[in-house]
Amino acid sequence: MQVPFGPVGIIDIGSNSVRLVVYGGTERVPSILYNEKVMAGLGRTIGADGNMSDEAMEMALGALARFRKVTRRIGMRRLRTVATAAVRDARNGPDFLAACSKIGIRPALISGEEEAVGAAYGVLSAFPRAGGIVADLGGGSLELAGVARGAVGNVVSLPLGVLRVGEEPDVGHIAATLDAALDDSRLRDAARGKKLYLVGGSFRSVAMLEMMLSGHPLPIVHAHRLDVDQLDALADYVDRARKKDIKQFGRISTDRIPHMPAAIAILKQLAAKLCPTRVLVSSYGLREGLLYADLSERVRSEDPLLAAALEVGRRLGRFGDHGALLDQYISPLFAGEGAKTQRLRLCSCLLGDIAWNAHPDFRAERAVDLATHGNWVGINVHGRAKIGLALYTAFGGDGGYDEKLSSLLSLKDIGRAQAWGKAIRFAQRLSAGTANILKKTRLELDNGTIVLTLPQTERTLYSNAVMKRFDQLGQAMGKDLEVRFS
């Protein structure tokens, strides 16, 4: 049973930005209710005397004063504020913290190691089976953390933030700093043969640029597999392009563009020294990790994709949640599916009623939009496209599925997703979108024939409209049909 929580908020005072994020929804997969940042650049203004500039601190304090008022109006149940590298390293960091207290904000000054653990927990929240190294790149520091079997291992914090490295990165310095940290550390081989997970806005901007330049059919950064072989080409493009050339893509923050050379240079060295088999991007980081750390083991063990789909399906469906029952009802038709495929089918069923209140002519398109562009974790673009096609079919779409999304799927995937959709569509018509009728009837495969069994007393449930949907299911699966009354 998912427990509603929130609104809860986290204020993150970083080297580059000061950000407030307010979360609601459910404990396991919080939804972002409000997100605001101010690019105060505390770390950028640390001068030769080791102090943050008065102008940057004034901007940050102004943002914090606003955030305090906003969170009080929202009616927060809980608010947590953390300060990281810039405040940690600056000589006048204690003065800044004292000024924060005067306006009613009391940040916890977390160490680099604590920051690394928080980012690692964020990745584990989104990728429960993560194994390898988490790299969290901020303005003032780079944190590395080993992850395996749901736990965080060795961590290290390095002075390699994008503000420190600058717009003309010294590759030799980056390499030497990494070598010094990794020598005699278990982190040296923690990603070899495993994965490197990238956290932080600068890394995400690099990934988005790669996706936009390659014409990716579904440019969603989270869970994107970044091709490190393209980093040299990306670096050349960033070096040649003007800010407005990159800005035209629309999905890359102008504030991040100057930091791309540093992010690319750091990533190249990480890939070369850690030798991961894959490099994946995570939209979850420190803030989500702080929330995840507070969860019970029972809640942590929930599948993040299915937990989110259950919450959305319950909220947008007509008659409450019966998605799991719907999946159980159609599952006899899909015996032999592997666990990963079963998981996507269950997700499709949990979302099987989400577009009912759209205009009838656009329900299929609405379902695809929610499935493919939803703020999901625990799924990649292939899974999004497959669920999108299943729901497109379930809501009456017949042909005309987005060609770009189809390009992410094999012919087998397409056939299977369409069969799921036809099965969901039939079950929803038979049951009128309710659970009670599903419990009274049964679907099964008997020697290659799809058999629908109904109680004799419920014969009238098998109407012409239901028969039509049953025929469509048989055609989609290439199976004969039989109706039995018991």
Worksheet entry | Asp245 and Arg242: CA distance, side-chain angles, deciding distance, salt bridge (Lys or Arg N to Asp or Glu O under 4.0 Å) verdict | CA-CA 5 Å; Asp245 295 329; Arg242 294 166 296 177; 3.4 Å; yes
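- Crowding of Glu337 atom CD: a count of heavy atoms from other residues, nucleotides or ligands under 6.0 Å exceeding 12.
- Heavy atoms of other residues, nucleotides or ligands lying less than 6.0 angstrom from CG of Asp170 number more than 12.
- Side-chain atoms of Gln269 and Pro169, non-hydrogen and from C-beta on, never get closer than 4.5 Å to each other.
- In plain terms, the two heavy atoms of Met211 and Leu218 that are nearest each other are CE-O, 3.7 Å.
- Separating the CG atom in Leu305 from the CG atom in Leu310 is a distance of 11.0 Å, to the nearest 0.5 Å.
- A donor-acceptor contact shorter than 3.5 Å links the side chain of Tyr197 to the backbone of Gly131.
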Item to complete: Might you work through the salt bridge (Lys or Arg N to Asp or Glu O under 4.0 Å) test for Arg300 and Asp294, ending with a clear yes or no?
Response: CA-CA 9 Å; Arg300 286 188 192 181; Asp294 291 337; over 6 Å; no
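- Only one option out of Val134, Leu280, Leu198 pairs with Val123 in a side chain to side chain contact (heavy atoms under 4.5 Å, CB included); it is Val134.
- Between the OG1 atom of Thr71 and the CZ atom of Arg66 there is a distance of 10.5 Å, given to the nearest 0.5 Å.
- Between Asp12 and Val21, the closest side-chain pair of non-hydrogen atoms is not below 4.5 Å.
- Pro7 and Gly75 make their closest contact through CG-O, 3.7 Å (heavy atoms, listed as atom of the first residue, atom of the second, distance).
- At distances below 3.5 Å, at least one donor-acceptor pair connects side-chain atoms of Thr45 with backbone N or O atoms of Ser53.
- Remark: Arg88 CZ is packed, more than 12 non-hydrogen atoms of other residues, nucleotides or ligands lying under 6.0 Å away.
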Discussion item. The test is salt bridge (Lys or Arg N to Asp or Glu O under 4.0 Å); show your working for Asp49 and Arg91 and say whether it passes.
Written reply: CA-CA 8 Å; Asp49 61 357; Arg91 287 181 56 191; over 6 Å; no
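- With hydrogens and angles ignored, the 3.5 Å screen pairs no side-chain donor or acceptor of Ser141 with any backbone N or O of Gly161.
- Screening Thr81, Ile105, Val18 for a side chain to side chain contact (heavy atoms under 4.5 Å, CB included) with Phe67, the sole residue that qualifies is Val18.
- Under the 3.5 Å distance criterion, the side-chain polar atoms of Arg287 are left unmatched by any main-chain donor or acceptor of Ile10.
- Taking CE of Met208 as the start and CE of Met260 as the end, the distance is 10.0 Å to the nearest 0.5 Å.
- Residue Ala385 comes nearest to Leu405 through the heavy atom pair CB-O, 3.7 Å, listed as atom of the first residue, atom of the second, then distance.
- Distance alone, capped at 3.5 Å, places no donor-acceptor pair between the Glu288 side chain and the Gly122 backbone.
- In this structure the side chain of Leu196 never reaches within 4.5 angstrom of the side chain of Val228, judged on heavy atoms.
- Atoms OG and CD1, from Ser283 and Ile32 in turn, are 8.0 Å apart once rounded to the nearest 0.5 Å.
- At distances below 3.5 Å, at least one donor-acceptor pair connects side-chain atoms of Glu210 with backbone N or O atoms of Asp227.
- Remark: the Ser157 side chain and the Glu143 side chain contain an N/O donor-acceptor pair separated by less than 3.5 Å.
- Side-chain contact between Ser331 and Arg345 is present, with at least one heavy-atom pair separated by less than 4.5 Å.
- Between Leu137 atom CG and Ile266 atom CD1 the span is 4.5 Å, to the nearest 0.5 Å.
- Between the side chains of Arg28 and Ser125, a donor-acceptor pair is found at a separation under 3.5 Å.
- Put simply, the side chain of Arg77 never gets that close to the backbone of Val8: no donor and acceptor are under 3.5 Å apart.
- Arg68 places none of its side-chain heavy atoms less than 4.5 Å from the side chain of Ile11.
- In this structure, CD in Glu114 is found 10.0 Å from CG in Leu286, a value given to the nearest 0.5 Å.
- A pairwise comparison of heavy atoms in Val199 and Gly285 identifies CG1-CA, 3.7 Å as the closest pair.
- For the pair Arg188/Asp179, a side-chain contact is recorded, criterion being any heavy-atom separation below 4.5 Å from C-beta on.
- At least one side-chain heavy atom of Leu370 sits under 4.5 Å from a side-chain heavy atom of Leu316.
- When all heavy atoms of Tyr401 and Ser406 are compared, the closest pair comes out as CD2-OG, 3.3 Å.
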Discussion item. Evaluate Ser253 against Met39 for side-chain contact (heavy atoms from CB on, under 4.5 Å), listing each step before the verdict.
Written reply: CA-CA 11 Å; Ser253 170; Met39 301 299 288; over 6 Å; no
Item to complete: Check step by step if side-chain contact (heavy atoms from CB on, under 4.5 Å) holds for Leu409 and His382.
Response: CA-CA 7 Å; Leu409 303 173; His382 170 268; 3.7 Å; yes
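- In this structure, the side chain of Ser185 engages the main chain of Leu187 through a donor-acceptor pair within 3.5 Å.
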Practice prompt. Could you walk me through whether Ile264 and Tyr237 pass side-chain contact (heavy atoms from CB on, under 4.5 Å), step by step?
Written response: CA-CA 11 Å; Ile264 293 171; Tyr237 176 82; over 6 Å; no
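- With hydrogens and angles disregarded, a donor-acceptor distance shorter than 3.5 Å links the side chain of Arg384 to the backbone of Trp376.
- Taking the side chain as every heavy atom from C-beta outward, Leu234 and Leu213 approach each other to under 4.5 Å.
- Relative orientation of the His222 and Phe127 rings is tilted, given thresholds of 30° and 60° on the angle between their planes.
- Applying the 6.0 Å contact sphere to CG of Asp184 captures no more than 12 heavy atoms from other residues, nucleotides or ligands.
- With hydrogens and angles disregarded, no donor-acceptor distance shorter than 3.5 Å links the side chain of Thr393 to the backbone of Gly421.
- Taking all atoms of both residues into account, the shortest heavy-atom contact from Asn92 to Asn51 is N-OD1, 3.2 Å.
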Item to complete: Could you please spell out the steps behind the side-chain contact (heavy atoms from CB on, under 4.5 Å) verdict for Glu311 and Val29?
Response: CA-CA 9 Å; Glu311 190 272 333; Val29 191; over 6 Å; no
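- Using the six-membered ring where Trp is involved, Tyr292 and Tyr121 have ring planes that are tilted, between 30° and 60° apart.
- Sparse packing is recorded around CZ of Phe362, with 12 or fewer heavy atoms of other residues, nucleotides or ligands lying under 6.0 Å away.
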